[in-house]
Amino acid sequence: MTTTQVPDTYGRFGSFGGRYVPETLMNALYELEEAYDRYKDDPDFLAEVRYLLKQYSGRPTPLYYAERLTEHLGGAKIYLKREDLNHTGAHKINNTIGQAVLAKRMGKKKIIAETGAGQHGVASATVAALLGLECKVFMGEEDTKRQALNVFRMKLLGAEVVPVTSGTRTLKDACNETLRYWVSHVDDTYYILGSVTGPHPYPMMVRDFQRVIGLETKDQILEAEGRLPDVIVAAVGGGSNAMGIFHPFVADTSVRLIGVEAAGRGVDTDKHAATMTKGTPGVFQGSMSYVLQDEGGQVQEAHSISAGLDYPGIGPEHAYLKDVKRAEYVPITDAEALDALQLLSRKEGIIPALESAHAVAHTLKLAPTLPKDKTIVISLSGRGDKDVESIIGYLGGDLP
Amino acid sequence: MSTATANAIDTVFAELAARGETALIPFLTMGDPDLDTSVKLIAAAEAAGAHMIELGVPYSDPLADGPVIQRASERALRHRISLTDCIGVASKARAAGVRMPFILFTYFNPALQLGLERFFGLLQEHGFSGVIIPDLPLEEDTEVRGIAERTGVHLIPLVAPTSEARVERIASKAKGFVYCVSSLGVTGVRSDFHAGIDRFLETVRRASSVPICVGFGISSREQAERFAGVADGVIVGSAIVRQVEASLPPEALGDNALTEAGLAAVQAFIADLKPRKSEKA
């Protein structure tokens, strides 16, 4: 396959991406792009980011051979890239460290962020505390209820949590509200966007900060197996952990890249977040990508048991990888994710986040179909502690 | 194609300039409270002295809008108002005797899903003179601009106090008028404008060969008059939409007397916004 250099100067990944935002924000996006261009290869900047990833977040995260799960499934060897072992419990901090260090270099004292499950909000509040920045996190009112623990965690870290009551009161409208706030405070505020979504340069920049997942995985699997993995599986909502682990392997065409999206109660119901399976190209929140929308172009409400996947859009580079057939995207239902979460907990002593459980669930289907000399790497993007309360709600308090 | 005919926006501005008057351009969210009432509201706006009008298409994710227009959009979307419904309102208003130019205000995605050629075809068919797409900056508008020019519908661009060097590039390509955003932020009523607003408007004026209009946050005649001397028109959105919300609640719709009273209240509100004749030379 030939991959052209993406994105181009318009922030285009093929026909996807771009900058579809109100004029008020355009210069702020250029300022951000110029700052990122200046610092992305700057040795001091990179040294500071690397130092914090290592000494503060605990990188590199292990690539763990899940032997009991592998034996149970009787097929391909399964490795888990343990992003759940990062400080704050998910891959989100890779990006917030990078962007907060950048914000500081740009002389910004205030940061804002959107959050769905609360993981990106916590990761933003954390780096704000670490670097002495003022932090406001916008969160759908519905999500503040589903993820009350994370709301309190952000407040403990000194951040202000702003409940969003417009629209669907979930991640989609938290993003809208953060952008609106940014339009009003663009003079002195840095927006730490949490996924590979939004207007250029965010999809590219967040990808670059998350690439550490894939770069480490490559070194680690070569050390463990002496060759590249056959398959990489990662959950996609906006798609940041998936893009982070996929990107360093995009040119290695022997490696199958599989993004797993939330099918909620099923892709044939109206309660799902399967943007690639059921969506169509459109412009949403600053970029052209696949979108869950009605025939009139109104964006639809998404549904998933996982607040982090409950999003009707997806990053434009994923849309590009799908269209050039470099990556595949498959749906997993709420019920399948819950089963996978329980199985991984019991076989490996690891409770994954509901988001990551979607990637595990697809692997449960795939691994038995592959011979034992094949390897699969799952991006275990986060830990499940934050979800325990909602899991109790689904399973009932009483497990067999 | 009727590109040879003068665009009605240009004609109205020329007439106003000759009389030394400032354009009053109200904004209404279509389908709030329902489509029939939207037609009556447009007629009421003209009777109140509006010179042209923005017809707003309700959208699920109105990034550039504040709470008032968000609520109006949500109300309209509850009865599944579509982009084509909104465009169709223009013909109904014409049939009801409205003569002022129509400008459609829509986010990009609904137009994209309809198909850009079909979108502009409908704008032409239903007598629109201009279109404003708030999330389509210069960098993304090449295709739209081409079709707009071919169909004779003015693509009216926005400039913001943060546009700086972009003002020149945007204003020099503008058709109809340049929409100057008065302050940082989303649409909505506010008491203060961006500190450098007058210098900003002068910059736009110098770069532009078409009229300049100010919007975002204008809610009273005092504010309208404040800009009357430096701009060719003022756009009032949220303040009017808020008046519609207050005067025409859903329960008023079934009741003729309440509807008439509500329409009269909105008409009086718009009439009161109209700047008195400015001092412009």
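Being a predicted model, the structure only gives us computed values, none of them experimental.
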So which heavy atom on [X] is nearest to which on [Y], and how close?
X: B/Val186; Y: A/Ser184; result: N-OG, 4.1 Å
X: B/Glu140; Y: A/Tyr20; result: OE1-OH, 3.4 Å
X: B/Pro137; Y: A/Glu23; result: CB-OE1, 4.4 Å
X: A/Val183; Y: B/Leu184; result: O-CB, 3.6 Å

I'd like to know whether NZ of A/Lys108 has more than 12 heavy-atom contacts from other residues, nucleotides or ligands below 6.0 angstrom. yes

Are more than 12 heavy atoms from other residues, nucleotides or ligands located less than 6.0 Å from atom CD of B/Glu125? yes

Find the one option among A/Gly286, A/Gly11, A/Pro22 whose heavy-atom pairs under 4.5 Å with chain B are most numerous. A/Pro22

Most chain B-contacting option - heavy-atom pairs closer than 4.5 Å, from A/Asp173, A/Leu25, A/Asn176, A/Asp187: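 When all of A/Asp173, A/Leu25, A/Asn176, A/Asp187 are compared, A/Asn176 has the most.
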
Between [X] and chain B, with a heavy-atom cut-off of 4.5 Å, which part of the residue counts as in contact: side chain, backbone, both or neither?
X: A/Pro281; answer: backbone
X: A/Val21; answer: backbone
X: A/Gln293; answer: side chain

Options B/Gly185, B/Pro110, B/Ala165, ranked by heavy-atom pairs under 4.5 Å with chain A, top entry: B/Gly185

Chain A contact via [X] - side chain, backbone, both or neither, heavy atoms under 4.5 Å:
X: B/Arg71; answer: neither
X: B/Ile170; answer: side chain
X: B/Glu139; answer: both
X: B/Leu83; answer: neither
X: B/Ser163; answer: both
X: B/Asp65; answer: backbone

Dump the intermediate steps for side chain to side chain contact (heavy atoms under 4.5 Å, CB included) on B/Gln70 and A/Arg180, then the final yes or no. CA-CA 12 Å; B/Gln70 286 175 41; A/Arg180 288 185 188 118; 3.1 Å; yes

Worked verdict on A/Gln298 versus B/Leu77 for side chain to side chain contact (heavy atoms under 4.5 Å, CB included): CA-CA 9 Å; A/Gln298 305 288 346; B/Leu77 288 175; 3.5 Å; yes

Can any side-chain N or O of B/Asn109 pair as donor or acceptor with the backbone N or O of A/Gly297 at less than 3.5 Å? yes

Answer with yes or no whether the side chains of B/Glu164 and A/Tyr30 bring together a donor and an acceptor at under 3.5 Å.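 No donor-acceptor contact under 3.5 Å links the two side chains.
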
To the nearest 0.5 angstrom, please state how far the CG atom of B/Leu63 sits from the CD atom of A/Glu177.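 Spacing of CG (B/Leu63) from CD (A/Glu177) equals 9.5 Å.
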
Taking salt bridge (Lys or Arg N to Asp or Glu O under 4.0 Å) as the cut-off, I'd like each qualifying pair that reaches into residues 281-292 of chain A, sequence neighbours left out, listed once.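 Residue pairs with at least one partner in residues 281-292 of chain A: there are none.
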
If contact means a heavy atom pair closer than 4.5 Å, which residues of residues 53-62 of chain B contact chain A?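 Expected list: B/Pro58, B/Tyr59, B/Ser60, B/Asp61, B/Pro62.
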
